[in-house]
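Here is the structure we will look at, set down as structure tokens.
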Amino acid sequence: MAAQHPVKNKTHRLAECPPFERMALLLQGEGALGSYQADVYHAPAEAGLHPDWRALLKARRPSVAARLSVDGASVRRVTAMLRNALQTTALGMIVGFAALPTARADEPTPPVKPGVSNEAATAVAQMGKTLLASDLTITARTISVYLDQSGQPLHIFHTMKITVRRPDRIAVEFNGDDGRHDLFYDGKAASVFFPDRKNYATIPASGDIPSALNEVATKLDVDFPLSVLFAASPDKVLLSDAMVAWQVGTATVDGVECRHLFFSQKSGVDLELWVEKNGAATPHRLVVTYPLLQGQPSFVAEFTSWKTQPPLSDSEFAFQPPAGVKKIEPPAAAAPEAERAK
């Protein structure tokens with residue numbers, strides 16, 4: 001009988017980084033291998049090791065049986081990993097895919113990295129100032145693209161109306177292929193209302209907008225794309241995770257000349273961002289691609305309006321249940337989240 005070895009608590013933390021000038025991560029294959037590839041990326045990231053170059057070599061398209069071999073638990077685990085990282089990377093596109101841990105908190109981040117061009121850094125800094133407006137209303141069209149269980153790409157469309165009062169008020173109206181739902185956060189509680197189903201759920205929540213929306217995603221299983229647009233410093237969040245960034249060129253979006261920027265993030269996410277070519281650098285379009293996941297799912301947002309408002313009242317963000325609707329409890333699967341964190 002083989003000797004029993006004690007199980008060690010692996011933290012994946014290094015005392016110091018290895019003396020390599022550059023690090024590269026090369027992965028091969030897709031399909032069912034996606035869950036394993038996520039773990040391969042996850043462990044070094046926990047140790048503070050982030051590759052300078054990433055590459056994915058694709059084999060032939062896997063069979064349906066291979067694609068279905070990733071069980072539901074694995075999918076949920078990878079999704080949870082990605083959701084956590086997306087709050088701290090780029091613009092935090094929490095779109096039901098996943099993300100991976102970013103650099104250690106104790107690692108100082110230079111204001112502009114060698115791989116970030118001056119054009120990209122300046123445009124993002126200008127955008128960050130614009131996004132700090134206290135009261136905003138935004139409308140957007142979004143598309144989420146991912147593979148279903150049979151390996152076919154699906155496109156889910158939404159329109160959104162977003163009302164914001166920094167630092168801790170937001171209301172969002174979603175309309176899309178999967179129905180309508182409204183989200184409210186008033187600084188003390190977060191509610192999600194499903195008009196078609198005539199029910200709603202409410203949870204205690206506090207903190208800034210991204211923190212509260214993380215609670216909504218975790219406890220109510222409702223994701224809000226674009227949440228980190230409303231972080232305290234969205235430009236710093238974007239640049240702190242960037243391995244490389246540059247201006248691809250310029251393009252006209254809805255009649256406005258925009259800079260087309262590209263970012264490759266340490267968290268395994270690629271971003272394209274179109275911002276106005278002026279001092280405001282208002283965002284007009286965003287594309288997020290997940291190259292390490294099966295089928296390279298993506299998220300696209302086109303902002304159709306972005307307006308600064310006079311001070312908005314508290315009533316804009318407080319949910320008042322209409323007559324005849326039913327309050328429901330948070331999903332049972334989400335309830336143990338706090339216990340697992342202990």
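Both backbone and side-chain heavy atoms feed into the values below; hydrogens, waters and symmetry mates do not. Fair warning: this is a prediction, and the values are worked out from it, not measured in the lab.
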Path from Ile138 to Ile170 over hydrophobic side-chain contacts below 4.5 Å: yes
Could you measure the distance from the CD atom of Glu119 to the NZ atom of Lys277? Nearest 0.5 Å is fine. 8.5 Å
Nearest 0.5 Å, please: how far is OG in Ser298 from CG in Asp270? 11.5 Å
Can you tell me how far CG of Leu220 sits from OG1 of Thr218, rounded to the nearest 0.5 angstrom? 9.5 Å
Taking the side chain as C-beta and beyond, is there a heavy-atom pair between Leu271 and Leu238 under 4.5 Å? yes
Kindly compute the distance separating NZ (Lys327) from OG (Ser191), expressed to the nearest 0.5 Å. 8.0 Å
Note, His181 side chain near Val222 side chain (heavy atom, < 4.5 Å): yes
Not counting sequence neighbours, which residues clear side-chain contact (heavy atoms from CB on, under 4.5 Å) with Asp168? List them please. Tyr185
Would Ile156 and Tyr146 count as a side chain to side chain contact (heavy atoms under 4.5 Å, CB included) here? Give the steps. CA-CA 9 Å; Ile156 308 299; Tyr146 65 96; 3.8 Å; yes
Any chance you could measure Ser305, atom OG, to His284, atom NE2, to the nearest 0.5 Å? 10.5 Å
Can you tell if the side chain of Leu131 reaches within under 4.5 Å of the side chain of Trp306, non-hydrogen atoms only? yes
Phe303 to Pro283 - nearest heavy-atom pair and separation: CD1-O, 3.6 Å
Could you walk me through whether Val192 and Phe194 pass side chain to side chain contact (heavy atoms under 4.5 Å, CB included), step by step? CA-CA 7 Å; Val192 179; Phe194 301 91; 3.5 Å; yes
Spell out, yes or no, whether Leu273 and Leu239 are grouped together once hydrophobic residues are joined by side-chain heavy atoms under 4.5 Å, including indirect joins. yes
State yes or no: do Phe230 and Phe317 share one hydrophobic cluster built from I, L, V, M, F, W and Y residues joined by side-chain heavy-atom distances below 4.5 Å, directly or via other members? no
How long is the span from the CZ atom in Arg165 to the OG1 atom in Thr137, to the nearest 0.5 Å? 14.5 Å
Note: Asp186 and Ala189 closest approach over all heavy atoms is OD1-N, 2.9 Å
Donor + acceptor pair across side chains of Asp241, Ser267 (<3.5 Å): yes
Shortest non-hydrogen pair, Trp274 vs Leu286, comes out as CE3-N, 4.4 Å
Out of Thr130, Val253, Leu261, which one pairs with Val275 under the side chain to side chain contact (heavy atoms under 4.5 Å, CB included) rule? Leu261
State, with a plain yes or no, whether a side-chain heavy atom of Pro234 is found less than 4.5 Å away from one of Leu229. no
I'd like to know whether Asp208 forms a side chain to side chain contact (heavy atoms under 4.5 Å, CB included) with Arg166, so could you lay out the CA-CA distance, the side-chain angles of the two residues, the decisive distance to 0.1 Å, and finally the verdict. CA-CA 8 Å; Asp208 62 7; Arg166 287 178 175 274; over 6 Å; no
So Ile209 and Phe224, do their side chains get closer than 4.5 Å, heavy atoms only? no
For Asp135, which of Arg169, Gln309, Lys307, Glu316 qualifies under side chain to side chain contact (heavy atoms under 4.5 Å, CB included)? Gln309
Output all residues satisfying ring-ring contact (aromatic ring centres under 6.0 Å, His included) with Phe157, sequence neighbours left out; order by chain, then residue number. none
Do Thr139 and Thr304 pair up side chain to side chain, a donor and an acceptor below 3.5 Å, judged on atom types alone? yes
What one should report as the nearest heavy-atom pair of Leu183 and Leu213 is CD2-CD2, 3.6 Å
Side-chain heavy atoms under 4.5 angstrom apart, residues restricted to Ile, Leu, Val, Met, Phe, Trp, Tyr: same cluster for Phe184 and Tyr200? yes
Identify whether Val164 and Met127 are in the same connected component of the hydrophobic contact network (ILVMFWY, side-chain heavy atoms under 4.5 Å). yes
Phe319 and Asp182, any side-chain heavy atoms less than 4.5 Å apart: no
Checking side-chain polar atoms at under 3.5 Å, does Ser211 have a donor or acceptor matched by the opposite partner on Asn214? no
Evaluate the side chain to side chain contact (heavy atoms under 4.5 Å, CB included) criterion for residues Glu173 and Arg180: first the C-alpha distance (whole Å), next the side-chain angles of each, then the deciding distance (0.1 Å), finally the verdict. CA-CA 8 Å; Glu173 180 181 306; Arg180 176 186 167 185; 3.8 Å; yes
I need the minimum non-hydrogen distance between Trp246 and Ser117, along with the two atoms involved. CA-OG, 3.4 Å
Side chain proximity check, Asn278 to Glu257, heavy atoms < 4.5 angstrom: no
Heavy-atom pair of closest approach, residues Ala133 and Leu136: CB-CD2, 3.7 Å
